[in-house]
Amino acid sequence: MEQNAIGKLIIVSGPSGAGKGTICAELMRQMPDLVMSCSVTTRAPRPNERKDRSYFFVSNETFLEMVRKNELLEYDQHFENYYGTPKKFVEDMLSYGKDVILEIDVKGALQVKQNYPDSILFFIEAPSEQALYERLIKRGSESEDKIQIRMARNKLELAQRYKYDYCILNDDVDRAVGEIIQILKERRI
Ligand code: 5GP
């Protein structure tokens with residue numbers, strides 16, 4: 001399948017609270033030919049999240065069944081929950097020549113890069129650790145304990161950013177999106 005793929009995968013990773021979601025939404029707005037993959041997760045929806053838009057929310061059993069049937073392009077366990085990329089949608093889109101954005105964690109991104117070496121990997125960084133912490137608090141969806149766990153994971157992910165093709169500083173959303181679009185144009189996406 002990878003051999004014949006026409007479209008490319010654009011992978012966006014980075015710490016919780018770095019603004020990946022906002023950046024992807026803006027990218028989609030400015031580049032309407034891109035398609036966004038919707039991941040499957042076993043975590044509970046946040047109050048502002050929409051079913052089948054933010055994620056496909058499924059039970060542990062359903063997720064593990066998808067793994068067993070090889071229906072996921074990649075998956076990872078994150079904060080006691082599973083997250084994965086449905087394979088069929090992505091493969092179909094690539095075969096139609098569409099470029100697909102995946103917003104996934106570092107482990108998933110590196111798995112995908114191995115199978116799809118043409119993928120373009122972006123790591124989104126927040127301006128500082130303090131800024132990240134403040135964004136997580138402002139989001140209001142997690143307890144202080146969970147925020148601390150996310151901050152610890154953020155550090156681990158940050159240490160792997162050198163494995164990415166590009167690191168983008170999200171000091172300003174418009175500037176960061178502009179930088180990504182410029183890179184994609186240079187790479188003829
Ligand atoms: P959140 O719970 O904040 O929505 O996501 C937690 C982490 O899981 C984020 O780093 C997000 O990028 C990652 N994530 C979301 N979907 C997927 C996926 O399909 N696969 C992998 N490997 N990570 C994902």
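For the numbers below, each heavy atom of this structure counts, side chains included, while hydrogens, waters and symmetry mates do not. Atoms within a ligand are numbered from 1 in the order they appear, just like the ligands themselves.
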* I104 backbone acceptor or donor facing S13 side chain under 3.5 Å -> yes
* Asked: Would you say the side-chain atoms of N154 pair up with the backbone N or O of S16, donor to acceptor, closer than 3.5 Å?
  -> yes
* Answer yes or no: does an N/O atom from G84 fall short of 3.5 Å to an N/O atom of ligand 1? => yes
* Asked: Strictly under 6.0 Å, is that where the ring centroids of Y83 and Y55 end up?
  -> yes
* Counting heavy atoms only, which part of R153 comes closer than 4.0 Å to ligand 1: side chain, backbone, both or neither? -> neither
* Taking the minimum heavy-atom distance to atom 3 (O) of ligand 1, which of H78, R46, Q111 ranks first? -> R46
* To do: Starting from the C-alpha separation in whole Å, work towards a yes-or-no answer on salt bridge (Lys or Arg N to Asp or Glu O under 4.0 Å) for R29 and D174.
  => CA-CA 12 Å; R29 202 181 64 76; D174 291 339; over 6 Å; no
* Nitrogen or oxygen of Y75 less than 3.5 angstrom from that of ligand 1 -> no
* ligand 1 N/O within reach of E49 N/O, cut-off under 3.5 Å -> no
* To do: May I ask you to list the atoms of ligand 1 that are less than 4.0 angstrom from any heavy atom of K20?
  => 9 (C), 10 (O), 11 (C), 12 (O)
* To do: Check if K107 has a non-hydrogen atom at a distance under 4.0 Å from any atom of ligand 1.
  => no
* What atoms in ligand 1 come closer than 4.0 Å to a heavy atom of R43? -> 1 (P), 2 (O), 4 (O)
* Structure fact -> With heavy atoms and a 4.0 Å threshold, my read on which part of E157 contacts ligand 1 is neither
* Among D105, V106, N154, N81, whose heavy atom sits nearest atom 22 (N) of ligand 1? -> D105
* To do: Mark up the atoms of ligand 1 that fall under 4.0 Å of a heavy atom belonging to D76, in ascending order.
  => 22 (N)
* Asked: Does the R161 side chain pair with the main chain of L158, one donor and one acceptor, at a distance under 3.5 Å?
  -> yes
* E74 N/O to ligand 1 N/O under 3.5 Å -> yes
* Do side-chain atoms of T42 reach the backbone of S59 as a donor and acceptor pair under 3.5 angstrom? -> no
* Asked: Which value, rounded to the nearest 0.5 Å, describes the distance between N81 atom CG and T41 atom OG1?
  -> 5.5 Å
* Salt bridge flag under 4.0 Å for residues K88 and E71 -> no
